[in-house]
Protein chains: 2
Amino acid sequence: MVTQWPTADDDAERVPLTVVDRIKRYILINRLSPGDPMPTENELSDQLAVSRSRIREAMKTLSALDIVEVRHGYGTFVGAMSLTGLAESLAFRGMLTSHRDKHFLADLIDLRELLEVNWAPLVVERLDADTVAAMRALATTMVDLAAQGREFPVEDRQFHQLLVATSGNALVGQLLDVFWQVHSLVSETLGPASLLPETAQAHHAILDAIESRSAESLEAAIRRHYAPIRERMRRATDGL
Amino acid sequence: MVTQWPTADDDAERVPLTVVDRIKRYILINRLSPGDPMPTENELSDQLAVSRSRIREAMKTLSALDIVEVRHGYGTFVGAMSLTGLAESLAFRGMLTSHRDKHFLADLIDLRELLEVNWAPLVVERLDADTVAAMRALATTMVDLAAQGREFPVEDRQFHQLLVATSGNALVGQLLDVFWQVHSLVSETLGPASLLPETAQAHHAILDAIESRSAESLEAAIRRHYAPIRERMRRATDGL
DNA sequence: ACAAATTTGTACGTATGTATT
DNA sequence: AAATACATACGTACAAATTTG
């Protein structure tokens, strides 16, 4: 097995592995995949020779990182190792510090824009008509909702997921989705939404650019999409 | 049993908040900052009317996300909400799946390169001479170590931290550092390092480009820096 | 340097709630 | 509908670590 484990040189300094690490090692050694069942807490308690409470506390840690997934009354399974923990941590950080630290949301928006813009050439080249049609429907729904003064989080999130899916980089897709969630949660604390129609319309503009097959237009459209979002942020943080 | 959760100041909730959420709410409401002391486990157990084991399990979750920081025998404090949880989760995902899913490390490298390249113009414009000198010293150390066949993780990490610090985007700096850690950990499982001299020398080339004040050269130098890293990855995954 | 006090860490037993078959 | 397997919850006792006097 690849997992390096006490190789002669560290028996003086040898600190016993934590329960968390031993459970991780169990998953690694047994080559488990996401979704595979883990031993029950009682079995782990026996195998690792620690109490149930210790196992449970370790499972809470692993579960927070989505390394395991606990299904109440049924069992524990290897998790998908998604970025839900990052979302939770960042969202809390944003809610706690965005009053004092206006950079946080700004940095987040900059990152979102940068990552989306970066794949503009690829998107223009590869985005297929069906996906564009689906995105067009979402954009239309957004405009309708905005006209009624309603927000459109579900549509917006899915739109951006489809946009970045073309990149072929799964990690970026997951990261951007996390940033979307964090932005959505934190911006709620800044008061009611504003500039809804402008934001909704910006999605149509993005699709127009894609259909015009111009990477430059797409980049510009994406940047324009973030303008009203930044403007809203500016208004909110100015009023401190 | 369920002893109705008795905090009188908020009762609009249909489904009772989890212990984790109630502790988060405590931090939010009391406007605590990272480093501020939390109540002891016994106090929280009394205040929230749940057993200490429950409190401890919630603390494990919060601690995994660095929302609280627990110090044995001393107390619990509000955490820095760093990205350590992300690093742990991604590193484990990489170690578990990189054998089967070669995209993971590739996506990670692409992201690192993209983020560093993006701020090349700013770096060329703003990186001060002192920082460049410090980075030069690091690069020289790297070359020396490489010549002895030794690796240089500490120097490499610090080099890239200094490089991206210029961006002014703290979030990007933290993310890149996480990616560095994950890459470092996961690539260990691919076998011994290779192409060390090339990689070390690439850092000098980056500094040369910065001193030549050309954003284009810097971008090219950064991309060349990642070439031997990708090459090593290719060799490792080809041998599956 | 020592000891006491405080606080988190570990263990275990028992009872209860919950999802699946 | 019942049985089973499993996670959730509580309480107590003691161990280990850290600060403070």
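Computation of the quantities below employed the complete heavy-atom set of this structure, encompassing side-chain atoms and omitting hydrogens, waters and symmetry-equivalent molecules. In what follows, chains are A, B, ... by sequence order, proteins preceding strands, each numbered from 1.
- Atom CD in A:Glu57 sits roughly 13 Å away from atom C1' in C:dC12 (whole-Å rounding).
- Checking A:Asp21 against A:Thr18 by side-chain atom types alone, a donor-acceptor pair falls below 3.5 Å.
- When distances are taken from the side chain of B:Val70 to each of D:dA7, C:dG9, C:dA11, the shortest belongs to C:dG9.
- The side chain of A:Arg71 places no N or O atom within less than 4.0 Å of a non-bridging phosphate oxygen (OP1 or OP2) of C:dA19.
- Set against D:dC10, D:dA13, D:dT8, the side chain of B:Ser53 has D:dC10 as its closest nucleotide.
- Of all nucleotides present, none satisfies the Watson-Crick or G-U wobble test against D:dA1 with each distance under 3.5 Å.
- With distances taken from any side-chain atom of B:Thr40 to the nucleotides C:dT8, C:dA11, D:dT8, the minimum falls on C:dT8.
- Protein atom CZ of A:Arg56 is 17 Å distant from nucleotide atom P of C:dG9, rounded to whole Å.
- With C:dT10, D:dC10, C:dT8 as the choices, the nucleotide that has an atom nearest any side-chain atom of B:Asn42 turns out to be C:dT8.
- Remark: P of C:dG9 and CZ of A:Arg54 are 9 Å apart, rounded to the nearest angstrom.
- Taking atom CD of residue A:Glu69 and atom C1' of nucleotide C:dA19, one finds them 14 Å apart after rounding to whole Å.
- The six-membered or imidazole ring of B:His183 lies away from that of B:His160, with a centre-to-centre distance of 6.0 Å or more.
- Checking C:dT10, C:dT18, D:dA17 against the side-chain heavy atoms of B:His72 singles out D:dA17 as nearest.
- Defined by atom type and a distance below 3.5 Å, a donor-acceptor pair is present between the side-chain atoms of B:Thr131 and B:Asp128.
- Taking only side-chain atoms of A:Tyr74, from C-beta outward, the nucleotide of C:dT20, D:dA7, D:dT18 with the closest atom is C:dT20.
- In this structure, A:Thr76 reaches the D:dA7 phosphate: one of its side-chain N or O atoms is under 4.0 Å from OP1 or OP2.
- Here C:dC12 is the nucleotide among D:dT8, C:dG9, C:dC12 with the atom lying nearest to any side-chain atom of A:Ser51.
- For D:dG11, the OP1/OP2 oxygens have no side-chain nitrogen or oxygen of B:Arg52 closer than 4.0 Å.
- When only modelled atom types and interatomic distance are considered, B:Asn169 and B:Trp119 share no side-chain donor-acceptor pair under 3.5 Å.
- The distance from atom CZ of A:Phe77 to atom P of C:dA19 is 14 Å, rounded to the nearest whole Å.
- In this structure, the CD atom of A:Glu41 is 19 Å from the P atom of C:dT16, given to the nearest Å.
- Nearest-nucleotide mapping onto DNA chain C: of B:Gly73 and B:Lys60, the residue sitting toward the 5' end is B:Gly73.
- For A:Met38 and D:dA7, the CE to P distance is 11 Å, given to the nearest whole Å.
- In this entry the distance linking CD1 of B:Ile55 with C1' of D:dG11 reads 14 Å, nearest Å.
- For A:Glu88 and B:Lys24, the salt-bridge test passes: some basic side-chain N is under 4.0 Å from an acidic carboxylate O.
- Side-chain N/O atoms of B:Tyr226 and B:Glu116 include a donor and acceptor closer than 3.5 Å.
- Pair assignment for C:dA1 gives none, since no Watson-Crick or G-U wobble pairing has each distance under 3.5 Å.
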